[in-house]
Every structure is written in C-alpha cells, then in structure tokens.
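Beneath this line is the structure, given in structure tokens, with notes to follow.
Remember, it's a predicted structure, so these values are computed and weren't measured experimentally. Chain letters run A, B, ... following the sequence lines, proteins first and then strands; every chain starts at 1.
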Amino acid sequence: MKKNIIIITGPTGCGKTALSLVLAKKMQGEIINADSVQVYKYFDIGSAKPTTEQLAQVPHHLISILEPGEEFNVGTFCKLADDKILEITNRKKMPIVVGGTGLYIQSLVNGLAEIDDVSSEAQDKLKVIEDNIIASLDIAVANKNTIIFRSKLHNYLNSIDNAVANSVNPEDISRVRRAILVKLSTGTSILSYQKLHSHRDKNYNAFIIILLPQRELIYKLVDERVREMMDKGFLAEVEALREKYLNEAFKIKPFTSIGYKQIMQFKDGNLDYSDVVRDIQKETRRYVKRQFTWWKNQPVKLDWSECTSKLNYTFANIDFEKIVEDVEKIYLEYEWQRDEQGIKFLPIIMT
RNA sequence: GCCCAGAUAGCUCAGUUGGUAGAGCAGAGGACUGAAAAUCCUCGUGUCGGUGGUUCAAUUCCGCCUCUGGGCA
C-alpha cells in the first residue's frame with residue numbers, strides 16, 4: 001500500500017516554515033526539506049533556512065547535508081527523500097515534505113524517468129565539444145552566454161539527436177546540455193526515456209498544501225525579507241564563503257542562486273552596492289512568479305485530482321494554529337483508499 | 001518678475017522634415033522529466049501637459065495657460 005505524505009509548498013517567503021513547524025507538532029510529523037539550496041551547508045541566511053531554534057523544535061531531514069561543491073539534483077533528492085519517508089513512516093511518524101522547489105516535489109510524487117547517471121566520459125566529451133566551439137569563435141563572442149555559442153551547441157545536438165533538437169529551444173542551454181549528455185552517455189534519446197515514463201506513476205498518497213498569497217502581498221513580504229537578510233549579515237555570509245572557495249566559486253552551484261549571485265557580482269565590482277538589494281528583490285519577485293506559474297498549471301497537467309476544498313485567510317492577523325486545525329480536519333476527512341490518483345491538492349489563499 | 005530648457009507607456013527617455021508613435025527598465029503570461037533559487041519563450045493604445053489658432057490633417061508649427069528643472073535679477 002502506498003504511503004501517506006503531506007507536502008507544504010508555495011512561493012518563497014510565504015510562511016512554509018512557520019506552518020510546517022506547527023503542523024509537524026500537531027501531527028507527530030518530521031520535516032523533509034525540498035529546497036534545492038537549503039540542502040547545502042553554510043548557505044544559511046540567503047536560503048532562508050529555519051533557525052537553529054526552529055530546527056530543534058521538530059526533527060528535520062535533508063537540510064545542510066552537503067558541502068557546497070557536492071553534486072546534487074532531482075534524482076538524488078528523490079532517492080534520499082524516499083529513504084527518509086520510509087524511515088519516518090516505520091517510526092510511525094508523519095513525513096512532511098516542505099519546500100519551494102516544484103520540480104523536486106513533482107518528481108517525488110509522480111516519479112522520474114529512469115535514466116542512468118551520465119558517465120564521466122560523456123561529461124568530458126561535452127566539455128571538449130564546448131571548448132572546440134569556443135576556440136572556433138571570434139574572441140568578441142567566445143563566451144557561453146552568446147547566441148552564436150548556443151546555436152552551435154544546438155547544432156551539435158541536432159547532429160546526434162534530431163528529435164530532441166527540434167523540441168528544445170536552441171537558447172535553452174540547460175536542456176541542450178542535458179540532452180547531449182544523455183545521448184552520449186546512454187546512446188538513447190532523452191525523449192524515449194521521457195515517453196516511457198510520462199508522469200503516470202504515483203508513488204505516494206500525497207496531500208499537497210500549497211500556500212498562495214495574493215501577488216501584491218507576497219511581493220511586499222519578499223521585499224521585507226530581503227532587507228531582513230541584509231540585516232542578519234547576508235553580506236558577511238557571502239564574503240566568508242567567497243574567501244573560503246575563492247577560485248572554485250564559479251563551479252559551486254549554490255553561488256548561482258538568487259542573492260548569492262548578486263552579492264558575488266558586487267564583491268567582484270560588477271554591481272553597485274545601491275543596486276544589490278534592489279536586484280535581489282527583483283530576482284526574487286521573478287522567481288515567485290515562476291513558482292506561481294508552476295503550481296497554477298501543475299495539477300491540471302499532471303492530472304491530479306481536483307481540490308475539493310480551499311481555505312482563505314487574511315495575512316494581517318494570520319494564525320498558524322487555526323490553519324493547522326482546518327488543514328487537519330480536511331486531511332482526516334479524506335479517504336485515501338477510495339481515491340484512484342492518491343493525490344489531493346489543498347490551496348490556501350492568503351490576502 | 002525676466003530668460004532658457006523640458007512636459008510622450010508605471011519609470012527613464014527616443015521619435016515623427018505635419019499623416020495619432022518605440023526602446024530600455026519595471027511589469028504580465030507561458031514552458032519546465034537529474035544544474036530547477038537553474039534555463040528559456042511570448043507580450044508595448046498611450047487623452048504624445050491643457051487650451052485656442054494655422055492646415056485637408058497637429059503629438060509635431062504658432063499663441064496663451066499650467067507644472068517641473070536651470071539661470072538672471
């Protein structure tokens with residue numbers, strides 16, 4: 001029988017942490033982190049990790065488990081989270097997955113195409129190919145951010161895997177690279193793997209609580225939160241990490257995330273101090289927008305059962321105890337066994 | 001009070017030798033199957049400050065008015 005899990009997600013800064021603590025205490029839960037930056041050690045302030053006091057209140061998993069240079073991706077997340085869910089369930093506790101990384105949650109619930117890890121040979125080969133492209137370009141455009149570089153890489157993909165090349169935008173370097181790597185490594189097109197999987201499998205009975213603050217409200221919360229991060233010493237945190245990793249920094253993934261990226265640019269002298277806060281706020285707003293798009297369309301696209309309930313609150317006098325009471329009632333009313341999909345979606349609107 | 005320069009998209013501005021306009025930023029919508037806080041796609045109608053005049057036609061030329069800078073008394 002499928003295991004029950006509760007998931008709390010929503011845009012950054014909407015109160016997921018606060019809600020998760022209250023819910024975990026009430027339901028004998030343990031929290032599993034589903035945030036792609038919080039898995040890294042030392043990236044604390046900028047990733048808005050729960051504080052030490054908060055971490056002590058309830059058992060937390062998959063937070064600060066990696067050194068910054070370590071590789072991590074959706075696949076790894078799913079494996080680790082699956083193990084934790086099993087472990088927690090065996091302890092007769094409720095697994096509560098909390099985080100804003102939509103892809104992680106989707107993949108945990110719906111599964112992931114089964115593709116072996118790409119070989120290091122494939123990775124080396126891609127590197128050689130990219131270096132050759134760079135070498136063939138004029139110095140002025142010999143940069144991986146240029147359109148010309150990207151279109152040449154896309155041409156290469158087209159030569160080894162025409163079908164994916166047609167389905168991927170040439171500018172979309174992440175997907176172009178991934179497609180090349182899979183083809184080089186396995187000899188099979190990534191499209192074949194994806195077709196085989198097609199998001200049909202459901203791994204858990206998942207009760208997905210999604211916090212949806214009104215746009216203007218969340219933008220205000222985001223602006224405030226960025227200012228708070230600066231007050232808490234965000235600059236110093238990045239400065240210390242920068243000194244620690246120096247020339248390696250460009251290889252370290254969490255440095256490319258919002259906030260860390262801008263402060264690094266500032267420290268390199270490529271961004272004025274007056275623009276740092278403004279830029280971080282702006283990028284966070286855009287990120288929030290992407291998260292909205294993701295969650296707005298995900299249930300329909302993945303054929304999740306429609307939400308039968310919806311909760312509304314005003315943020316000004318928000319009471320997490322009350323929310324948890326309401327949430328628990330809905331959760332208990334729900335009869336998992338009778339639901340074919342095993343997925344329930346509970347939006348919480350905040351105005 | 002006088003002189004000069006402005007007033008055009010939410011913001012900063014470009015432009016129309018007279019035929020009702022377009023960039024950047026901000027913003028909005030979307031995609032997403034092992035880098036996802038990543039990566040990428042699409043989207044610009046606004047009394048061209050108000051008013052009167054010249055003209056077939058005015059945001060554009062002329063007059064007056066209002067406001068905003070700067071200068072001189």
Tell me the closest heavy-atom pair linking [X] and [Y], and the distance in Å.
| X | Y | value |
| --- | --- | --- |
| K16(A) | G99(A) | CE-C, 3.8 Å |
| R150(A) | N145(A) | NH2-OD1, 3.5 Å |
| Y260(A) | E237(A) | OH-OE2, 2.6 Å |

Determine: side-chain N/O of [X] to OP1/OP2 of [N], distance under 4.0 Å, yes or no.
| X | N | answer |
| --- | --- | --- |
| T101(A) | A37(B) | yes |
| R290(A) | A38(B) | yes |
| K253(A) | A36(B) | yes |

Checklist entry - Would you find more than 12 non-hydrogen atoms of other residues, nucleotides or ligands less than 6.0 Å from K329(A) atom NZ? => result no
Out of A38(B), C40(B), A28(B), minimum distance to the side chain of S174(A) belongs to A38(B)
Side-chain atoms of D35(A) come closest, of G29(B), A37(B), A35(B), to A37(B)
When R286(A) and G111(A) are each assigned the nearest nucleotide of RNA chain B, the 5'-most assignment goes to R286(A)
Test for a donor-acceptor pair under 3.5 Å between the base of A38(B) and the side chain of R175(A), counting only N and O atoms.
-> yes
**Request:** Would you kindly check whether a donor in the side chain of N297(A) faces an acceptor in the base of A31(B), or vice versa, at under 3.5 angstrom?
**Result:** no
Per the glycosidic torsion and the 90° limit around 0, nucleotide G27(B) is anti
note: K289(A), atom NZ; A36(B), atom C1'; distance rounded to Å ~ 16 Å
